*Asks:* 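One structure, as structure tokens, below. Some questions next.
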Amino acid sequence: MPRAPGLNQSELGDAVPGQAPIVAAKAPEKMARDKIQCDACPVLCQISEGRLGACDRWGNVDGKLTRTDPVVLMRLASADPTDRDSMFVSGVGSGTTYPDYKPAPFIVGSRHDDVDLVTVVTEGIFSYCSFKVKIDTDRYLGPEQASVRYKGEAVGHVTTIEYGSQFLSLGGVHHLTGGSKKEGRLTCELMMNLGNREAAELEIEGGAALTVQANRAPIINGVEEQRMRVGCGSATIGIFAQQWFDQLDEVVVVDDHITGVLTEHQAGRCLDMAPSGIRLRGRKSTPGRYFQVADPGTGWGGTDIRDPLAIIEGWDAKVARPGLRLLMVSTTGEDAEYFVLDDALVPCKAPMPAAVRKVVDRIGENCEPALATVLFLGGAGGSLRAGVTENPVLLTRSIKKLLTRVTCGGAPAYIWPGGGITVMVDVARMPERSFGSVPTPAIVAPIEFTMRRDDYRALGGHMDRILGMAEVVDHAAHRVITWDSVNPWPLASFA
Ligand code: SF4
């Protein structure tokens with residue numbers, strides 16, 4: 001059996017006098033003698049010696065139930081390796097509290113800036129969780145609410161388009177439990193892979209094929225996305241109007257949502273630009289701002305057009321004039337063409353003057369690199385709270401009062417307002433391979449709660465289970481990694 005040295009459930013429990021083992025699986029009467037039962041999740045695997053359970057996270061090592069990955073400890077890069085106050089116990093590899101009444105696997109006391117702290121560490125089993133994926137692109141990925149498929153199974157849906165990004169909602173209890181067994185299994189597989197920053201191939205019904213991976217450029221229909229747009233068409237007009245007005249007589253910034261027309265736009269009016277007489281397709285919203293100039297697609301500015309002139313209906317002959325200089329450009333500057341009106345008021349493609357090219361290039365310069373970002377969203381307001389306190393609502397209140405800090409693998413978690421403990425965390429800020437799964441199916445993710453020792457006592461914490469860092473280091477199989485300085489140190493600023 002491939003096995004990393006891990007937490008032996010009886011070792012740590014036995015090491016603390018008077019405390020019960022963290023997992024005390026009671027063997028069913030009919031179970032073979034050489035097996036042990038894991039009760040770290042509802043599957044209750046019976047594991048023969050030398051074998052792993054169904055999730056590969058627990059095994060039978062010499063007759064003892066053992067977490068196959070060591071718990072991950074984190075140390076500040078600048079710290080003296082012997083300074084245990086500069087270490088943090090993460091939930092990665094820590095083990096679970098299932099069947100829920102047990103104290104968390106690690107409840108660790110520490111002292112920082114003369115303040116006594118406690119960190120309660122566990123791996124939560126999340127049935128209610130999902131991943132929100134933000135894909136920086138103007139390209140049309142598919143209709144809102146369309147199903148997102150992974151290996152043919154529906155695993156989520158397209159949600160709103162935000163400013164320069166398309167959002168997907170993937171996973172969730174509906175797909176984990178509400179469909180076929182295969183749908184639940186593949187949803188769980190996809191979620192774990194995304195959380196562990198692996199690439200996932202997705203297909204959107206009626207839309208694009210995607211490859212998404214946390215903090216990597218998205219690949220849309222086989223093409224790696226490069227730029228996140230500078231703004232909508234209207235915003236692009238506003239930003240660059242002054243740089244254009246003495247170089248051009250008209251600029252159209254093509255955008256699937258809000259196409260901008262410089263001379264009509266308030267920015268052009270403030271610059272006293274003369275009307276150009278251009279008549280655009282689509283629905284005029286406000287001066288110089290047009291909706292629905294084309295259908296959505298993967299062409300210019302997230303529309304389906306390849307020829308920008310397709311969105312021009314015509315020119316007002318009383319206003320337009322031969323020789324009028326027209327720039328058509330997309331919101332990323334990737335597509336841009338320069339035209340001059342001939343005597344018949346027909347736009348003729350012409351070489352782009354250097355000064356115009358410079359501003360087009362500046363649009364590109366102002367685009368950030370396109371990324372896919374993956375956020376884990378999980379409900380921690382359920383049974384895992386019992387691993388922290390005997391009165392769970394006090395933990396919820398303590399978090400809401402900002403007395404308790406929540407991290408996931410050391411990464412700061414945003415706690416949604418309202419009821420419950422709904423955590424959201426960027427998986428790119430968590431240690432590698434932080435996520436696991438169990439075949440119920442559900443996702444396993446690390447979570448840590450840090451608070452002052454007095455506050456822990458006040459919320460009914462398991463005070464008799466508090467270990468010192470030295471006990472963790474001495475008795476638990478562990479792996480030390482360097483703290484990711486992108487994250488705030490969770491033990492700081494309690495003074
Ligand atoms: S699937 Fe559940 S019961 Fe089986 S080994 Fe994993 S955690 Fe234990």
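Atom set for the values below is all heavy atoms of this structure, side chains included, hydrogens, waters and symmetry mates excluded. The structure displayed is predicted, hence computed values, not measured ones.
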*Asks:* List in chain and number order the residues that pass side-chain contact (heavy atoms from CB on, under 4.5 Å) with Asp295, two or more places apart in sequence or in another chain; answer none if no residue qualifies.
*Replies:*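 With sequence neighbours excluded, Asp295 shows a side-chain contact (heavy atoms from CB on, under 4.5 Å) to Asp304, given in chain and number order.
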
*Asks:* Does Val486 offer a backbone N or O that forms a donor-acceptor pair with the side chain of Asp484 under 3.5 Å?
*Replies:*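 Such a contact is found between Asp484 side chain and Val486 backbone.
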
*Asks:* Among side-chain atoms of Ser165 and Asp136, is any donor-acceptor pair under 3.5 angstrom?
*Replies:*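 Yes.
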
*Asks:* Quick one: does any side-chain atom of Asp113 pair with a main-chain N or O of Val115 as donor and acceptor, under 3.5 Å?
*Replies:*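 No, Asp113 side chain to Val115 backbone: no donor-acceptor pair under 3.5 Å.
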
*Asks:* Might you work through the side chain to side chain contact (heavy atoms under 4.5 Å, CB included) test for Val438 and Val444, ending with a clear yes or no?
*Replies:* CA-CA 7 Å; Val438 289; Val444 179; 4.0 Å; yes

*Asks:* Does the pair Glu250/Arg325 count as a salt bridge with the N-to-O cut at 4.0 Å?
*Replies:*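 A salt bridge is absent here (no side-chain N lies under 4.0 Å from a carboxylate O).
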
*Asks:* Going by atom types only, do Thr96 and Glu123 share a side-chain donor-acceptor pair under 3.5 Å?
*Replies:*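 Absent: no donor and acceptor within the cut-off.
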
*Asks:* Which pairs with one or both residues in residues 134-185 pass ring pair (Phe, Tyr, Trp, His ring centres under 6.0 Å), sequence neighbours excluded?
*Replies:*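 The answer is none; no pair qualifies.
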
*Asks:* Residues two or more places apart in sequence or in another chain: which of them pass ring pair (Phe, Tyr, Trp, His ring centres under 6.0 Å) with Trp315?
*Replies:*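 For Trp315 there are no ring pair (Phe, Tyr, Trp, His ring centres under 6.0 Å) partners, ignoring immediate neighbours.
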
*Asks:* Let me know which of Thr303, Asp256, Ile161 forms a side chain to side chain contact (heavy atoms under 4.5 Å, CB included) with Pro296.
*Replies:*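 Filter result, single survivor: Asp256.
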
*Asks:* Between Asp343 and Pro322, is there a donor-acceptor pair closer than 3.5 Å when you use the side chain of the first and the backbone of the second?
*Replies:*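 Absent.
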
*Asks:* Ser127: what forms a side chain to side chain donor-acceptor pair (under 3.5 Å) with it, not counting sequence neighbours?
*Replies:*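 Not a single residue meets the side chain to side chain donor-acceptor pair (under 3.5 Å) criterion with Ser127.
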
*Asks:* List the residues meeting salt bridge (charged side-chain N to carboxylate O under 4.0 Å, His left out) with Lys132, not counting sequence neighbours, and say none if there are none.
*Replies:*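 Salt bridge (charged side-chain N to carboxylate O under 4.0 Å, His left out) list for Lys132, sorted by chain: empty.
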
*Asks:* Give a yes or no on whether the backbone of Gly277 and the side-chain of Asp316 come within a donor-acceptor separation of less than 3.5 Å.
*Replies:*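 Between the backbone of Gly277 and the side chain of Asp316 there is no qualifying donor-acceptor contact (under 3.5 Å).
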
*Asks:* Has Asp272 got more than 12 heavy atoms of other residues, nucleotides or ligands less than 6.0 Å from its CG?
*Replies:*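 Counting other residues, nucleotides and ligands, CG of Asp272 stays at 12 neighbours or fewer.
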
*Asks:* Check the pair Leu491, Phe88 against side chain to side chain contact (heavy atoms under 4.5 Å, CB included), reporting the backbone distance first and the verdict last.
*Replies:* CA-CA 8 Å; Leu491 303 177; Phe88 180 74; 4.1 Å; yes

*Asks:* Just checking, any donor-acceptor pair under 3.5 angstrom between side chains of Arg75 and Thr482?
*Replies:*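 No, no side-chain donor-acceptor contact under 3.5 Å.
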
*Asks:* Mark yes or no for whether Arg405, through its side chain, and Ile399, through its backbone, hold a donor-acceptor pair below 3.5 Å.
*Replies:*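 Judged by distance alone, no pair lies under 3.5 Å.
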
*Asks:* Using atom types as modelled and distance alone, determine if a side-chain donor or acceptor of Thr177 lies under 3.5 Å from a backbone N or O of Val173.
*Replies:*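 Between the backbone of Val173 and the side chain of Thr177 there is a qualifying donor-acceptor contact (under 3.5 Å).
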
*Asks:* Are there over 12 heavy-atom neighbours, none belonging to Tyr128, within less than 6.0 Å of that residue's OH?
*Replies:*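 No, because the 6.0 Å sphere around OH of Tyr128 holds 12 heavy atoms or fewer from other groups.
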
*Asks:* Verify the distance criterion only: is there a donor paired with an acceptor across the side chains of Glu162 and Thr160 at less than 3.5 Å?
*Replies:*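 The answer is yes; a qualifying pair exists.
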
*Asks:* Would you call Pro143 and Val158 a side-chain contact if the rule is heavy atoms closer than 4.5 Å?
*Replies:*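 The answer is no; the side chains never approach within 4.5 Å.
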
*Asks:* Do any N or O atoms from the side chain of Ser180 and from the backbone of Glu183 form a donor-acceptor pair under 3.5 angstrom?
*Replies:*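 Yes; judged by distance alone, with no hydrogens or angles, the pair exists.
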
*Asks:* Measuring only between side-chain heavy atoms, which start at C-beta, is Val71 closer than 4.5 Å to Val92?
*Replies:*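 They are not in contact (no side-chain heavy atoms under 4.5 Å apart), so the answer is no.
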
*Asks:* Verify side chain to side chain contact (heavy atoms under 4.5 Å, CB included) between Leu395 and Ile421, making sure each step is shown before the conclusion.
*Replies:* CA-CA 9 Å; Leu395 174 65; Ile421 306 172; 4.2 Å; yes

*Asks:* Using the side-chain contact (heavy atoms from CB on, under 4.5 Å) criterion, which residues pair with Thr82? Sequence neighbours excluded.
*Replies:*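 For Thr82 the side-chain contact (heavy atoms from CB on, under 4.5 Å) partners, ignoring immediate neighbours, are Asp80.
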
*Asks:* Check the surroundings of atom CZ in Arg216: do more than 12 heavy atoms from other residues, nucleotides or ligands lie under 6.0 Å from it?
*Replies:*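 No, because the 6.0 Å sphere around CZ of Arg216 holds 12 heavy atoms or fewer from other groups.
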
*Asks:* Closer than 3.5 angstrom, by distance alone: can the side chain of Arg429 be matched with the main-chain N or O of Asp426 as a donor-acceptor pair?
*Replies:*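 Pair absent, no side-chain N/O of Arg429 close to backbone of Asp426.
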
*Asks:* Decide whether Thr331 and Asp138 meet the rule of one side-chain donor and one side-chain acceptor closer than 3.5 Å.
*Replies:*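 Looking only at side-chain atoms, Asp138 and Thr331 do form a donor-acceptor pair, the distance falling under 3.5 Å.
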
*Asks:* Is the count of non-hydrogen atoms from other residues, nucleotides or ligands lying under 6.0 Å from Gln145 atom CD greater than 12?
*Replies:*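 Open.
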
*Asks:* Are the side chains of Val480 and Met87 in touch, meaning some heavy atoms are under 4.5 Å apart?
*Replies:*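 Yes. Closest side-chain heavy atoms under 4.5 Å.
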
*Asks:* Between the side chains of Thr68 and Arg57, does any donor sit under 3.5 Å from an acceptor?
*Replies:*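 Side-chain D/A pair, Thr68 to Arg57: absent.
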
*Asks:* Please enumerate all residues that pass ring pair (Phe, Tyr, Trp, His ring centres under 6.0 Å) together with Phe240, with sequence neighbours excluded.
*Replies:*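 Residues passing ring pair (Phe, Tyr, Trp, His ring centres under 6.0 Å) with Phe240: Trp244.
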
*Asks:* Measuring only between side-chain heavy atoms, which start at C-beta, is Leu280 closer than 4.5 Å to Ile312?
*Replies:*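 In short, these two side chains touch, coming nearer than 4.5 Å.
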
*Asks:* Is Lys151 salt-bridged to Glu189, going by a charged N under 4.0 Å from an acidic O?
*Replies:*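 Result for this pair is yes, salt bridge flagged.
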
*Asks:* Only one of Glu203, Glu205, Glu201 passes salt bridge (Lys or Arg N to Asp or Glu O under 4.0 Å) with Arg149; say which it is.
*Replies:*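 The residue from Glu203, Glu205, Glu201 that satisfies salt bridge (Lys or Arg N to Asp or Glu O under 4.0 Å) with Arg149 turns out to be Glu205.
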
*Asks:* Just verifying a value: how many Å separate Thr332 OG1 and Glu334 CD, rounded to the nearest 0.5 Å?
*Replies:*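 Answer rounded to 0.5 Å: 3.5 Å.
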
*Asks:* Looking at side-chain heavy atoms only, is the closest gap between Ile363 and Arg229 below 4.5 Å?
*Replies:*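 Side-chain contact under 4.5 Å: no.
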
*Asks:* So, does Thr407 use its side chain to make a donor-acceptor pair with the main chain of Gly409 at under 3.5 Å?
*Replies:*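 A pair under 3.5 Å: no.
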
*Asks:* Taking only residues two or more places apart in sequence or in another chain, which ones pass ring pair (Phe, Tyr, Trp, His ring centres under 6.0 Å) with Phe376?
*Replies:*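 Listed in chain order: Phe126, Phe131, Phe435.
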
*Asks:* Quick check: does any side chain N or O of Thr122 sit under 3.5 Å from a backbone N or O of Gly124, one acting as donor and the other as acceptor?
*Replies:*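 Not confirmed, Thr122 side chain does not pair with Gly124 backbone.
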
*Asks:* Quick one: list whatever passes salt bridge (charged side-chain N to carboxylate O under 4.0 Å, His left out) with Arg227, sequence neighbours left out.
*Replies:*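 Arg227 satisfies salt bridge (charged side-chain N to carboxylate O under 4.0 Å, His left out) with no other residue.
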
*Asks:* Under 6.0 Å from the CH2 atom of Trp416, do we count more than 12 heavy atoms belonging to anything else shown?
*Replies:*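 It does not: Trp416 CH2 has 12 such atoms or fewer within range.
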
*Asks:* Going by the ring pair (Phe, Tyr, Trp, His ring centres under 6.0 Å) test, which pairs reach into residues 257-303, not counting sequence neighbours?
*Replies:*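 For residues 257-303: none.
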
*Asks:* Determine whether Ile220 and Leu141 make a side-chain contact, defined as any pair of heavy atoms from C-beta on separated by less than 4.5 Å.
*Replies:*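 They are in contact (side-chain heavy atoms under 4.5 Å apart), so the answer is yes.
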
*Asks:* Report yes if some heavy atom in the side chain of Ser110 is under 4.5 Å from a heavy atom in the side chain of Leu117; otherwise report no.
*Replies:*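 In short, these two side chains touch, coming nearer than 4.5 Å.
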
*Asks:* Without hydrogens or angle criteria, can the side chains of Thr119 and Glu448 be said to hold a donor-acceptor pair below 3.5 Å?
*Replies:*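 Result is no, nothing qualifies.
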
*Asks:* Taking everything shown except Asp307 itself, do over 12 heavy atoms lie less than 6.0 Å from its CG?
*Replies:*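 Yes.
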
*Asks:* Could you pull out all residues at least two apart from Arg479 that satisfy side-chain contact (heavy atoms from CB on, under 4.5 Å)?
*Replies:*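 Partners of Arg479 by the side-chain contact (heavy atoms from CB on, under 4.5 Å) criterion, ordered by chain and then number, come out as Pro70, Val72, Ile481.
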
*Asks:* Heavy-atom count around Glu313 CD within 6.0 Å, excluding the residue itself: above 12?
*Replies:*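 More than 12 within 6.0 Å, yes.
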
*Asks:* Just so I know, are the side chains of Leu375 and Val425 near enough to count as touching, which here means a heavy-atom distance under 4.5 Å?
*Replies:*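 No, their side chains stay 4.5 Å or more apart.
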
*Asks:* If we check side chain to side chain contact (heavy atoms under 4.5 Å, CB included) with Phe449, which of these qualifies: Val118, Val121, Thr404?
*Replies:*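 Of the listed residues Val118, Val121, Thr404, the side chain to side chain contact (heavy atoms under 4.5 Å, CB included) partner of Phe449 is Thr404.
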
*Asks:* Nearest 0.5 angstrom please: Asn221 CG to Leu210 CG, how far?
*Replies:*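 Answer rounded to 0.5 Å: 7.5 Å.
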
*Asks:* Among pairs that include at least one residue of residues 357-374, which meet side chain to side chain donor-acceptor pair (under 3.5 Å), considering only residues two or more places apart or in two chains?
*Replies:*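 Residue pairs with at least one partner in residues 357-374: Gln243-Arg362.
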
